[in-house]
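For this chain, numbers begin at 1 and follow the sequence in order.
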Amino acid sequence: MEKAFAELRRGIDLVKAQSPDLPNADKLTGVLEDALALYRAGEETRGAHRLNDLEAMIFKG
């Protein structure tokens, strides 16, 4: 799981670099870290929902 989230962090860095005008770009890392914390706490469903939130922030602007 840690490796997957490390890859997602790198993806966020890439998104920020390629889309500097993306709304809420400054909040992406926080949402990802929220998801990881939920997964670590055994809250898989809530963690997955936070990842869905992250996806929506990136792809729907």
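Transitive grouping of hydrophobic side chains (ILVMFWY, heavy atoms separated by less than 4.5 Å) brings Y39 and L32 into a common cluster. Under a hydrophobic-cluster definition in which Ile, Leu, Val, Met, Phe, Trp and Tyr are linked whenever side-chain heavy atoms come within less than 4.5 Å, directly or via other members, M1 and L8 are assigned to the same cluster. Residues L36 and V15 fall within the same hydrophobic cluster, defined by Ile, Leu, Val, Met, Phe, Trp and Tyr side chains chained together at heavy-atom separations under 4.5 Å.
When all heavy atoms are compared, the tightest approach of P20 to A17 is CD-O, 3.9 Å. Here the closest non-hydrogen pair linking A35 and G47 is CB-O, 3.6 Å.
Within the structure, the salt bridge (Lys or Arg N to Asp or Glu O under 4.0 Å) test picks out the following pairs touching residues 47-57 (sequence neighbours left out): D34-R50, R50-D53.
Residues V31 and L51 fail the side-chain proximity criterion, which asks for heavy atoms closer than 4.5 Å. In this structure the side chain of L54 never reaches within 4.5 angstrom of the side chain of F59, judged on heavy atoms. You'll find the side chain of K16 stays beyond 4.5 Å of the side chain of D26, heavy atoms only. When side chains are defined from C-beta on, L22 counts as touching L28, because their heavy atoms get closer than 4.5 Å.
With sequence neighbours excluded, the residues forming a side-chain hydrogen bond (donor to acceptor under 3.5 Å, both in side chains) with E33 are R9, listed by chain and number. Residues satisfying the side-chain hydrogen bond (donor to acceptor under 3.5 Å, both in side chains) criterion with E7, sequence neighbours excluded, are R10.
Atoms CD1 and CD1, on I58 and I12 in that order, are 5.5 Å from each other to the nearest 0.5 Å.
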